[in-house]
Structure formats: C-alpha cells, structure tokens
Amino acid sequence: MTHLTLYNTRTRAKAPFVPLDPANVRAYLCGPTVYDRAHIGNARNVVIFDVLIRLLRRLYPKVTYVRNITDVDDKINVRAKERGVSIEEVTAGPIRWYHEDMGALYTLPPDIEPRATAHIPEIIEIINKLILNGHAYEAEGHVLFSVSSDPEYGKFSGRTLDELIAGARVDVAPYKREAGDFVLWKPSTPDLPGWESPWGRGRPGWHIECSAMSWRHLGENFDIHGGGDDLIFPHHENEIAQSCCAFPGSHFANVWVHNRMLLVNGEKMSKSLGNFLVLHEVLEKAPGEAVRLMLMRAHYRQTLDFSDAGLMEARKELDRFYRALELHHGVEPAKTVPEEVMDPLLDDLNTPGALAGLHALADQAIAGDAQAAAEMRAAGDVLGLLNMTPEVWFAGGIDDAVKALAESRVAARKAKDFAESDRIRDLLLKDHGVIIEDGLGGTYKLRKA
RNA sequence: GGUCCGGUGGCAGAGUGGUGAUGCAGCGGACUGCAAAUCCGCGAAUGUGGGUUCGAUUCCCGCCCGGACCUCCA
C-alpha cells in the first residue's frame, strides 16, 4: 500500500485521501479550552492527530497544522470572577501546562496556534455575513444561528431537525425562534469580558471561534479537521453550518477524523466517578513515551481502556524496543519507514498494527540485523516513539551513589562472594528501584525497575 | 425513545470469505554462581441462533450483552 486511506465521518466510510493542494496539506484540530489541566482524553486526541501529521509530512512536501486555543468561554469567565482576575491571568497557566504536558508526550507543536481572543474581528465578520445571508438573527442582544435556514443542517451528525427539537434536554431560551438555534454572539454584563460589536458589547458563542480561526489560517476549504467524537454534535455540526452558510459554495473540511472516547480502568472517565485522569499526574507515574504508546495501542476509532496494567505493558514494550536498539549503538534512522509499519498506518492510522510491525523489526534487530534497527528508528520518527537513546531510557536519572554501589558489587562477584553480591543486588532493587543485569566478563548494566 | 459502535486466547488488541497478527502474562528448555535480559519451543480465542456460500470469525437477519452521542464534554 502506498496511499493514505482515512475514515471520513462525513461520509461514514474509508476513502483514499486526496489533498486539495498537494503542495500544502491543511489540517485543523480542535484544541483545548484553557481553564484547567489537560486530561488523558485530550492526550489521546492530540497523540493520534500527531501521528497523522507526522505521516502526512512523510507523504507531502508541506503540511500546515493548526490547533487553536479557546481562551474565552463561560468556564473561564467563572474562574476569573471567582478569583477576581482577568481571563488572561486564568488562561496563562493552563496554556503553559498544556504545552508542557503535550511536549512530554512528544507531540509536535502545531504550525499555527491561534487564540480565540485574537480573532474577534474575524468572528464578527462571519456573524455579519450570516445575518446578511439570512442564516442568523439578532434577539435581545444575542445573535443566533437559524438552523432551519440551512437545509444541510443535521446531515453531518446524522440527525433531523425534528429529532433535535424533540430531544432538546435543556430549557429553550425565550429569544430563540427554534429550539435548535444556537448562539453566535452573546451580550456581556460589565463584569464579564467583552468586545464591542454591531450588537453591543459581548463575546462569542462556543462554536464560532473554530470557524473563524480555520477560515483565517486555512481558508474556506481545507483538508482535514479532527477532534473527539463527542464533538461531532453539536460542535462540528455547528461549525459546518456557520462556515458553509457564511461562505456559499464552500464545503469547509474535506475529511473529518474523530477519535473515540477512552475509558479509565474500565469505566467512563467522569468527575462524578472520581476517575478523571489528569495527564500531568499520569506523567508522574510513567514516562511520557510509555503514556504515548499506551494511547496508540488501540485503533483510534475504538474505545481505549486506559488502565494501570496497560501502562505497565506499554513500558515493557518500550523496554524491548530499546533493548533491540542497544545492540546497534548510535544507528541512524533509515531513510524510509519500513512497510510493516507504514502499511498499517496508511490504512486509516492502524497504530496497533504498526506497533506489531515494530516488534517484528525488533526481533530482527535483536537477531543482529543493523538495518532493522535503522528501520526501527525511522518507524519511531513517524510514530513519535524511540525519542531517546537506550542509555537514557534504561538508566537516565540513576545517580552516582547508586552507580558506586553497583560498582562495589563487581569485586564481590570477582571474589565469588555471592552472598554479598546478591545482597547488593537486592539493595539496589529494594532501596533504589534499580535492576542490575550481569553481562559477560564481569560487565553489567543498570536499569530502572 | 432516536442514532451509531462493539462483543476475538488469562489480559490487551489487529487483520481476514479458505488452515486466526502482535504484546503482556503462563509453561518447558538453553544460557547464568543464582538472577535478569536474550534465544528455542508449548498451550490458549472469534457472544448466541439462523441465512447466503463449496467454505463465515469475516457478508445478511434475529437474540443476548456492553458502550457512545442526542445543546457548551477531546
């Protein structure tokens, strides 16, 4: 297989990926709303999209990857009010954490990381177009999108307007003409952040910022739009409605890539169950690369159960990969990604299949094949794995005192004082969490347990 | 209720209309002072009942079970 195939939520089918402009593939990922630490679900989303971006960069000369930051929303406003600070002060920390946490997972930064607050003029411009087109109306200081004005509305997420209205679970605001109408712009009271607009001082609704930022940075039409599958409705349905109605004749994103939600130890992650896994805390328990591999162990369109046991297995898999690389010290990455890894990835990002391919390469490398080791490095580049040397992976952070202790065991072994030798080995493991592996001729290696 | 997805060895998890990947765990052996790692080998699975077919885990239908979404959650 030499061509990338992706499942497209819009068509509910897999199809060969055909870029609008092969000289510049344009992709957009719905980024974080920055009011708190990122959780493990955010991480899956970003890691999967990262693999897609890395793969696209192997296939096309240029890829423009845009991932927004939503830095104005009601949750942010609530926190700002609670603390008596500006929304900038609320979002600064979460933005920094987000970059740190995603960096720890070896995800590449986006080429452009636009912020909602820096795109208010674009937001206002789109809303203006929608009003002029008859797709939006003003009511009591709000501007609302009229879903019945868009015959395409609901098609993306596979629902009808009747269903939407019948199924509405929330109280319908009195100023809405129809229950399904959603807010594009809402008024701000003096104590809330706001921007001047033709409809008075206010702030954007939830969905409009993605329409504005993708338009500004990628154009009316672009190639790929990603996100968690919980965003299919209403967020993406509404983005499509806004953008396509504001720019008649456009189709917005060509291909929609949605990852499934994940479970935590078999249960849905939710605050009420108390199993909400904050990425930062997971990273304290396991190396970032192990967390990343764990997130790639299931296909992105399958439910993934993020368990402690799975995390440990992910670490052991990496141990095996690095052991294979250790035998071929300093090997450079091969120029091309071997097909046993590339083919599964080209088939709708089959990361478990790619990992199986990586294990097959590890078998060969362990058997002495240096080319296989070089190919492992190339595969690691596209998967975002094997980012360090085996030495750092196994022994990084082991301090000198522990190393000296291990060294003291050499003499004991040489004198065949195995009681002492074993005592030191136990000590290393129990007190310092370090495993010692003996090699030939009195050599040994240390690794973190 | 509506829409959609899934049920594969002990666990995790792919693929496939024709003797079911891969990893972890387990078992036997080699190696080792003993371990660890590595190597060789072993056992072990397609929820259930029908249908289509020469042949179904794969396609179709029913049933059972689990999950997701249905207005601010990635």
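Chain A is the first sequence line, chain B the second, and so forth, proteins listed ahead of strands; every chain is numbered from 1. When reading the values below, keep in mind they use all heavy atoms of this one structure, side chains included, and skip hydrogens, waters and symmetry mates.
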Practice item. Would you indicate what A:Arg301 reaches in the nucleic acid, counting non-hydrogen atoms under 4.0 angstrom: base, sugar-phosphate, or nothing? Key: nothing
Study note, to complete from the structure: By the Watson-Crick or G-U definition, both distances under 3.5 Å, B:U16 is matched with none
Review point. What about A:His217 and A:Tyr28, are their ring centers closer than 6.0 Å?
Key: no
Review point. Reckon A:Asn350 touches a base, only the sugar-phosphate, or nothing at all at heavy-atom distances under 4.0 Å?
Key: sugar-phosphate
Check your understanding: Taking the same atom, P, in B:G18 and in B:U3, what whole-Å distance lies between them?
Key -> 33 Å
Check your understanding: Across the strands shown, which category fits A:Asp438 at heavy-atom distances under 4.0 angstrom: base, sugar-phosphate, nothing?
Key -> base
Practice item. Under 4.0 Å between any heavy atoms, over every strand shown, what does A:Arg409 touch: base, sugar-phosphate, or nothing? Just pick one. Key: base
Exercise for review: If B:A30 has a Watson-Crick or G-U wobble mate with both distances under 3.5 Å, name it; if not, just say none.
Suggested key: B:U38
Practice item. Name the pairing partner of B:A68, where a pair is Watson-Crick or G-U wobble with both distances under 3.5 Å, or state none. Key: B:U3
Review point. Could you give the CZ-to-P distance, from A:Arg423 to B:G33, as a whole number of Å?
Key: 21 Å
Point to revise | Phosphate OP1/OP2 of B:A74: any A:His39 side-chain N/O under 4.0 Å | key: yes
Review point. So, A:Phe182 versus A:Trp206, ring centres under 6.0 angstrom or not?
Key: no
Check your understanding: Using atom P of each nucleotide, how far apart are B:G33 and B:A14 to the nearest Å?
Key -> 43 Å
Review point. Is there a donor in the side chain of A:His359 and an acceptor in the side chain of A:Glu317, or the other way round, less than 3.5 Å apart?
Key: yes
Exercise for review: Examine B:A36: is either OP1 or OP2 under 4.0 Å from a nitrogen or oxygen in the side chain of A:Arg447? Give yes or no.
Suggested key: no
Check your understanding: Within less than 4.0 Å of OP1 or OP2 of B:C69, is there a side-chain N or O belonging to A:Lys268?
Key -> yes
